[in-house]
Enquirer: 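Dropping the structure in here first, questions after.
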Amino acid sequence: MSYDELRHVADSWGLVVMAVVFLALVAWPFLPGSARGNDRAAASILEDEDSIDG
C-alpha cells in the first residue's frame, strides 16, 4: 500500500471511524443501564479517601 492510498483511506474511512467512536462515547452515559454507574462516578469525588476499604 502506497502512501497516497493510505492517506486516502485515512482521510475517508478514518474520519468515519472517528465519528462513530465519538458518537458511541457520547451516547454511552445515556444508556438505560448506566445510571447507577453514573451516580457512583458523580458521588466518588465527594467520598473521603480514608473511608474506602482496599
Side-chain angles (χ1 to χ4, degrees):
M1 184 177 270
S2 71
Y3 172 78
D4 290 331
E5 292 171 344
L6 185 62
R7 172 91 189 246
H8 176 70
V9 170
D11 286 344
S12 60
W13 290 106
L15 180 62
V16 171
V17 169
M18 285 191 294
V20 168
V21 168
F22 173 77
L23 291 174
L25 291 175
V26 167
W28 188 274
F30 298 104
L31 292 174
S34 62
R36 184 174 47 166
N38 293 341
D39 292 339
R40 183 172 173 232
S44 68
I45 195 166
L46 303 174
E47 294 175 359
D48 188 16
E49 289 183 18
D50 295 334
S51 67
I52 298 175
D53 296 330

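The basis for the numbers below is simple: all heavy atoms, side chains too, and nothing from hydrogens, waters or symmetry mates.
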Enquirer: Which heavy atom in I45 sits nearest to a heavy atom in A42, and how many Å separate them?
Expert: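 For I45 versus A42, the nearest heavy atoms are CG2-O, 3.8 Å.
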Enquirer: Which heavy atom in P29 sits nearest to a heavy atom in S34, and how many Å separate them?
Expert: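 In terms of heavy atoms, the two residues are closest at O-OG, 3.0 Å.
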Enquirer: Might you point out which heavy atoms bring M1 and E5 nearest each other, and give the distance in Å?
Expert: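 Between these two residues, the closest heavy atoms are CA-OE1, 3.4 Å.
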Enquirer: Side-chain heavy atoms nearer than 4.5 Å, only ILVMFWY residues, links allowed to pass through others: does that put V21 and M18 together?
Expert: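 Different hydrophobic clusters.
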Enquirer: Starting at CG of N38, measure out to CZ of F30 and round the result to the nearest 0.5 Å.
Expert: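 The distance works out to 8.5 Å.
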